[in-house]
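Following: one structure in structure tokens, then a few remarks.
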Amino acid sequence: MHLQLEYCLILAAALFCIGIYGLITSRNAVRVLMSIELLLNAVNLNLMGFSNFLDPVGIKGQVFAVFVITVAAAEAAVGLAIILAIYRNRDTIDMEQFNLLKW
Amino acid sequence: MNLAEGVQVVSFGVLALMVLGTALGVVLLSNIVYSAFLLGGVFISISGIYILLNADFVAAAQILVYVGAVNVLILFAIMLVNKNEDFSELPRRWIRKAATGLVCVGLFALLSTMVLITPWAIAPQPEIPLANTIVTIGKHLFSDFLLPFEIASVLLLMAMVGAIILARRDFIPEPRVEEPIATALTLPERPRELIKSEK
């Protein structure tokens, strides 16, 4: 009984599914961003698991995880700026009322 | 990792429970501030799992970037859009929630079946784990991942400029009357206006 790759992957899958549930059902725009962060963390967990178990010498998965963290930080900054701009224009953060692009 | 096998499995289990519990709290709690703080809990637990997976540098980067920057940014955003609005009730909302939950459970079942039946090419663990992951990551970053590294810096610059422009409050200044300022370099008389050539 020792730590196996499957544990990491199943934990990441569970985190990803929780993130998708929050992404679809939440109505607060800030909570949608939090769900996106959960999704990115699940992917990072996958990368770290693969890096440790499939490539333990040249740890390329960790380099990928560093890049994903960079992109996630940039995405969070831009996303929160967009939410602020929408909040100033529409005076609400309810996702159901952002229907300007509805056909 | 120099821990015994049992200790590793037990700490992985505890950290996994913390990750799942706090993530469910992020998604399900109704107060957005509690969600933001629980999100910090998710990040810290995940960084503990990284340490279990022999990745000390990424664990430190996770805490610095996620807990220190992203979580604080989200808290600031909550503070800036702090409006306790009661969302209007939508008809048949529970059907949507139930359908989404069903899809997510199905996705989880699919993914875990895939994980369990795939024969992974597990590499043999080295006798002594990598003593210094920072050196290895740095060598990767400046040799075979040099181009993505440079592109990431450009991406960060673009994100910074874009965030500033998007979040800036549009301020329309009053039209100012230009007062002629008398300095040592000011001409004593205005230069002659150019005579407009008439066509």
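Reckoned from all heavy atoms, side chains included, excluding hydrogens, waters and symmetry mates. To find a chain, count down the sequence lines: A is the first, B the second, and so on, and within it residues start at 1.
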Exercise. Find the distance between CZ (B/Phe108) and CG (A/Leu15) and round it off to the nearest 0.5 Å.
Key: 11.0 Å

Quiz item: Any side-chain heavy atom of B/Leu166 within less than 4.5 Å of one from A/Leu84?
Solution: no

Practice problem: Could you tell me which portion of B/Val65 (side chain, backbone, both or neither) has an atom closer than 4.5 angstrom to a non-hydrogen atom of chain A? | Solution: side chain

Exercise. Would you indicate whether A/Phe98, at its atom CZ, is surrounded by more than 12 heavy atoms from other residues, nucleotides or ligands within a distance under 6.0 Å?
Key: yes

Quiz item: Would B/Leu75 end up clustered with B/Leu64 when hydrophobic side chains under 4.5 Å apart are linked, directly or stepwise?
Solution: no

Quiz item: Do you know which of B/Thr118, B/Asn71, B/Val105, B/Val81 has the most heavy-atom pairs under 4.5 Å to chain A?
Solution: B/Val81

Self-check item: Toward chain A, the part of B/Val42 with a non-hydrogen atom under 4.5 Å
Solution: side chain

Quiz item: Within a strict 4.5 Å, meaning less than it, do heavy atoms of the B/Leu53 and A/Phe53 side chains meet?
Solution: yes

Self-check item: Spacing of CZ belonging to A/Arg88 relative to CG belonging to B/Leu80, to within rounding of 0.5 Å
Solution: 8.0 Å

Quiz item: Which of the residues B/Ala152, B/Ala77, B/Ser112, B/Ala23 is involved in the greatest number of heavy-atom pairs with chain A at under 4.5 angstrom?
Solution: B/Ala23

Quiz item: Which pairs with one or both residues in residues 14-35 of chain B pass side chain to side chain donor-acceptor pair (under 3.5 Å), sequence neighbours excluded?
Solution: A/Arg31-B/Ser35

Self-check item: Point-to-point distance, once rounded to the nearest 0.5 Å, from CD1 of A/Ile59 to OG1 of B/Thr133
Solution: 5.0 Å

Quiz prompt | A/Glu37 versus B/Tyr66, closest heavy-atom pair with distance | solution = OE1-CE2, 3.1 Å

Practice problem: Taking the side chain as every heavy atom from C-beta outward, state whether B/Tyr50 and A/Gln62 have any atom pair closer than 4.5 Å. | Solution: no

Self-check item: Residue, of B/Arg93, B/Met114, B/Lys139, that accumulates the most heavy atom pairs under 4.5 Å with chain A
Solution: B/Arg93

Quiz item: With a 4.5 angstrom heavy-atom cut-off, which part of B/Ile49 approaches chain A: side chain, backbone, both or neither?
Solution: side chain

Quiz item: Are B/Leu28 and B/Phe43 linked, directly or through other ILVMFWY residues, by side chains that come within less than 4.5 angstrom of each other?
Solution: yes

Quiz item: Tell me, do B/Val27 and A/Leu38 make a side-chain contact under 4.5 Å, heavy atoms counted?
Solution: yes

Quiz item: Quick one: what part of B/Ala69 sits under 4.5 Å from any heavy atom of chain A, side chain, backbone, both or neither?
Solution: neither

Quiz item: Are side-chain heavy atoms of B/Leu141 and A/Phe67 found at a separation under 4.5 Å?
Solution: yes

Quiz item: In terms of ring plane angle, is the pair B/Phe145 and A/Phe64 parallel, tilted or perpendicular, where the classes change at 30° and 60°?
Solution: perpendicular

Practice problem: Measure A/Glu75 against the heavy atoms of chain B and call it side chain, backbone, both or neither at under 4.5 Å. | Solution: neither

Quiz item: Do B/Val58 and A/Leu54 share a hydrophobic cluster, counting only Ile, Leu, Val, Met, Phe, Trp and Tyr and linking them when any side-chain heavy atoms are less than 4.5 Å apart?
Solution: yes

Quiz prompt | Intermediate values then yes/no, side chain to side chain contact (heavy atoms under 4.5 Å, CB included), A/Ile18 and B/Val26 | solution = CA-CA 9 Å; A/Ile18 292 174; B/Val26 168; over 6 Å; no

Quiz item: Heavy atoms, side chains only, cut-off 4.5 Å: are A/Ile24 and B/Val103 in contact?
Solution: no

Quiz item: Looking at side-chain heavy atoms only, is the closest gap between B/Phe57 and A/Val66 below 4.5 Å?
Solution: yes

Practice problem: Kindly compute the distance separating CG (B/Leu52) from SG (A/Cys8), expressed to the nearest 0.5 Å. | Solution: 8.5 Å

Exercise. Mind ranking A/Asp55, A/Thr70, A/Ile83, A/Ile69 by heavy-atom pairs under 4.5 Å with chain B and telling me who comes out on top?
Key: A/Ile69

Quiz item: Are any non-hydrogen side-chain atoms of B/Leu20 and A/Leu11 less than 4.5 angstrom apart?
Solution: yes

Self-check item: Among the listed options B/Leu24, B/Val115, B/Ile164, the residue most often paired with chain A at heavy-atom distances under 4.5 Å
Solution: B/Val115

Quiz item: Would A/Met34 and B/Ile32 satisfy side chain to side chain contact (heavy atoms under 4.5 Å, CB included), going step by step from the backbone distance to the final call?
Solution: CA-CA 10 Å; A/Met34 292 189 204; B/Ile32 188 82; 3.9 Å; yes

Self-check item: Side chains of A/Asn41 and B/Gln62, donor plus acceptor under 3.5 Å
Solution: yes

Quiz prompt | Proximity breakdown for B/Leu111 and chain A, heavy-atom pairs closer than 4.5 Å | solution = side chain

Quiz item: For chain A, which of B/Gly101, B/Ala61, B/Pro148 has the most heavy-atom pairs under 4.5 Å?
Solution: B/Pro148

Practice problem: Heavy-atom distances under 4.5 Å only: say whether B/Asp144 touches chain A with side chain, backbone, both or neither. | Solution: side chain

Exercise. Heavy-atom pairs under 4.5 Å with chain B are the metric here; pick the option from A/Asn44, A/Leu23, A/Ile20, A/Val57 that has the most.
Key: A/Asn44

Quiz item: If you count heavy-atom pairs under 4.5 Å with chain B, which of A/Ile82, A/Val63, A/Val30 comes out on top?
Solution: A/Val63

Exercise. Quick one: closest heavy-atom pair of B/Ala167 and A/Ala81, and the distance?
Key: CB-CB, 4.0 Å

Exercise. Output the option from B/Phe149, B/Phe12, B/Phe76 having the highest count of non-hydrogen pairs under 4.5 Å with chain A.
Key: B/Phe12

Quiz item: To the nearest 0.5 Å, what is the distance between CD (A/Glu6) and CD1 (B/Ile122)?
Solution: 6.0 Å

Exercise. Establish whether A/Val32 and A/Val71 are linked, either directly or via other cluster members, by ILVMFWY side-chain heavy-atom contacts under 4.5 Å.
Key: no

Quiz prompt | From CG (A/Leu33) to CG (B/Leu39), nearest 0.5 Å | solution = 10.5 Å

Practice problem: Under 4.5 Å, counting heavy-atom pairs only, tell me which of A/Ser26, A/Ala85, A/Ala74, A/Ala65 racks up the most with chain B. | Solution: A/Ala74

Exercise. Following the transitive rule for hydrophobic clusters with a side-chain heavy-atom cut-off under 4.5 Å over Ile, Leu, Val, Met, Phe, Trp and Tyr, establish whether B/Val72 and A/Val78 coincide in one cluster.
Key: no

